[in-house]
Amino acid sequence: MSTVRGKVAVVTGAGSGIGRQLALELARRGARLALSDVDELGLGQTADRARALGAEVHTARLDVSDRAAVEAYATAVAEHFGVVHQVYNNAGVAGGGAVLDTDWAEYDRVLSINLFGVLHGTKAFLPHLIASGDGHVVNVSSLNGIMGQGSMTAYCTSKFGVRGLTESLRAELLAAGHPVQVSVVHPGGVRTNIATAAWEHAKAQGQEVTAAEEARHRRYNEKLLRMPPEQAARIVVDGVEAGRPRILVGNDAKVVDLLVRLAPRLYPVLVARAERRFAGGA
Ligand SMILES: NC(=O)c1ccc[n+]([C@@H]2O[C@H](COP(=O)([O-])OP(=O)(O)OC[C@H]3O[C@@H](n4cnc5c(N)ncnc54)[C@H](O)[C@@H]3O)[C@@H](O)[C@H]2O)c1
């Protein structure tokens, strides 16, 4: 029997991609759901689909970078359900390129959502997860929380940060003996809207886009973001049910994990070569 059946699970960024499919997978396995996103349209569609699967669903518009809003939200969810067992800190954005080219506003945006958003959700829900007697924190990092890339410095910084936070939290909770498990998730490429959303954001900020950059964006989506989000969500929830502290999603994440361990000094050279080839259209 599923260990999530009957549990109250919180999923941020549930209006699209991995977050939507996490919500639907948890609904199929019998969880009660607190779903949130800044995108209310996408959130409503996810909630309708989860309800059609028989789940009890609470929805709220929530910007995870807004500390006070996340704190108020955690209280509201705990009051609504009476208990909270699992939080999936999933909301995230892509963005930020090379250090020399990326402005502070972009670092602030990416870190406030991807890193502080995860910290806000973790800290605000932790007392409720402890009180449940059977809690689980699930923080979504990335393959880029294992491997750095020169073209994604803000994103990699945020995702390495999520990993550091989550592994530290695990040690903290083990030492304290609290009844809360902790998992960090490292997805490889998953076919979602993340790259297109970042692309649209950059254009909306007035960034000029050349035909070569358009082509690179298309290649990135087609070649690297391949796993269906439904499959990614199944792997994550299976990992949570198995109590895995580290959940690698996809062969690309597994290969990168191995490469970085086996060749910690060489891997940046290989990454730089691959990025040059990719930018050149190979
Ligand atoms: N798609 C991939 O290849 C991939 C790989 C590794 C890690 N991830 C991570 O998976 C997570 C989900 O991304 P996805 O690929 O499903 O992308 P997505 O763009 O399809 O979904 C992300 C969701 O987060 C929401 N969101 C954005 N900013 C928010 C904010 N401030 N507050 C609340 N919600 C916000 C968006 O509205 C969207 O619904 C992210 O943390 C991402 O970094 C994705």
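All values reported here derive from a predicted model rather than from experimental measurement. One-based numbering, in listed order, for ligands and for the atoms of each.
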Show which side-chain atoms of residues 55-62 pair as donor or acceptor with protein atoms under 3.5 Å away, not counting sequence neighbours.
none

Side chains of residues 153-160: which donor-acceptor pairs under 3.5 Å do they make with residues two or more places apart or in other chains?
unit_1	atom_1	unit_2	atom_2	d
T153	OG1	G97	O	2.5
T153	OG1	Y107	OH	2.7
T157	OG1	T153	O	2.6
S158	OG	N114	ND2	3.2
S158	OG	Y155	O	2.6
K159	NZ	V140	O	3.1

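For ligand 1, the protein residues within 4.0 angstrom (heavy atoms only) are G13, G15, S16, G17, I18, D37, V38, D39, L62, D63, V64, N90, A91, G92, V93, I113, V140, S141, S142, Y155, K159, P187, G188, G189, V190, T192, N193, I194, L225.
Side-chain contact, Y73 with E71: no donor N or O sits under 3.5 Å from an acceptor N or O.
Every residue two or more places apart in sequence or in another chain that forms a side chain to side chain contact (heavy atoms under 4.5 Å, CB included) with R29 is listed here: S2, V4, E25, R234, V237, D238, E241.
At most 12 non-hydrogen atoms from other residues, nucleotides or ligands lie less than 6.0 angstrom from CG of L100.
Using a 4.5 Å heavy-atom cutoff, the side chains of N89 and V87 are in contact.
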